[in-house]
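Each residue takes its place number in the sequence, starting with 1. Quick caveat, the model's predicted, so the values are computed rather than measured.
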Amino acid sequence: MSRSITAVPSEAWVVALPRVGLLTSREREVFVLLSQGISNQALADSLFVSERTVRAHIGRISEKLGLASRLQLCLASHSYNYGCRAGSANIVADDNGAAE
């Protein structure tokens with residue numbers, strides 16, 4: 001027997017999306033690249049800057065968007081890049097509570 005669970009996101013990254021407009025063009029460039037889930041060094045290499053510069057950009061992006069973790073930044077970036085919109089998601093779980 002399956003049951004449907006409705007997940008309603010109330011995550012900080014969801015409410016941060018409208019604030020992306022506060023980012024500078026370079027911060028937005030870094031923000032967009034965060035969706036790839038790559039390291040700071042890989043970001044630095046692709047932008048031709050130092051890793052320290054990338055960390056500074058990420059710190060400012062985090063402040064402006066009000067996000068506390070890299071995971072939240074990556075989720076927001078992925079949603080921003082790929083048009084995923086926060087909303088209810090129907091997840092079907094078996095009797096054990098494990099998602100199918």
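- The closest side-chain heavy-atom distance from Q41 to V54 is not below 4.5 Å.
- L33 and L22 are assigned to two separate hydrophobic clusters, defined by single-linkage of ILVMFWY side chains at heavy-atom distances under 4.5 Å.
- For the atom pair CG of L67 and CG of L17, the computed distance is 8.5 Å after rounding to the nearest 0.5 Å.
- Between L43 and I58 the shortest side-chain heavy-atom distance falls below 4.5 Å.
- With rounding to the nearest 0.5 Å, the separation of CD in E29 from OG1 in T24 is 9.5 Å.
- For residues 22-53, every residue pair satisfying the ring pair (Phe, Tyr, Trp, His ring centres under 6.0 Å) rule, not counting sequence neighbours, is listed here: F31-Y80.
- Here the straight-line distance linking atom CH2 of W13 with atom SG of C74 works out to 12.0 Å at 0.5 Å rounding.
- For the atom pair OG (S62) and CZ (R70), the distance works out to 11.0 Å, reported to the nearest 0.5 Å.
- Applying the side chain to side chain donor-acceptor pair (under 3.5 Å) criterion to S35, with sequence neighbours excluded, gives N81.
- For the side chain to side chain contact (heavy atoms under 4.5 Å, CB included) test, residues two or more places apart in sequence or in another chain that qualify with R60 are E27, A56, H57.
- The salt bridge (Lys or Arg N to Asp or Glu O under 4.0 Å) test applied to R19 returns no partner, not counting sequence neighbours.
- Transitive grouping of hydrophobic side chains (ILVMFWY, heavy atoms separated by less than 4.5 Å) keeps V15 and L23 in distinct clusters.
- Remark: E51 pairs with no residue by the side chain to side chain donor-acceptor pair (under 3.5 Å) rule, at least two apart or across chains.
- One distance of note links CD1 of I61 with CG of L34; it measures 6.0 Å at 0.5 Å rounding.
- Every side chain to side chain contact (heavy atoms under 4.5 Å, CB included) that A42 has, sequence neighbours left out, goes to I38, S39.
- The two atoms that bring L65 and V20 nearest to each other are CD2-N, 3.7 Å, heavy atoms only.
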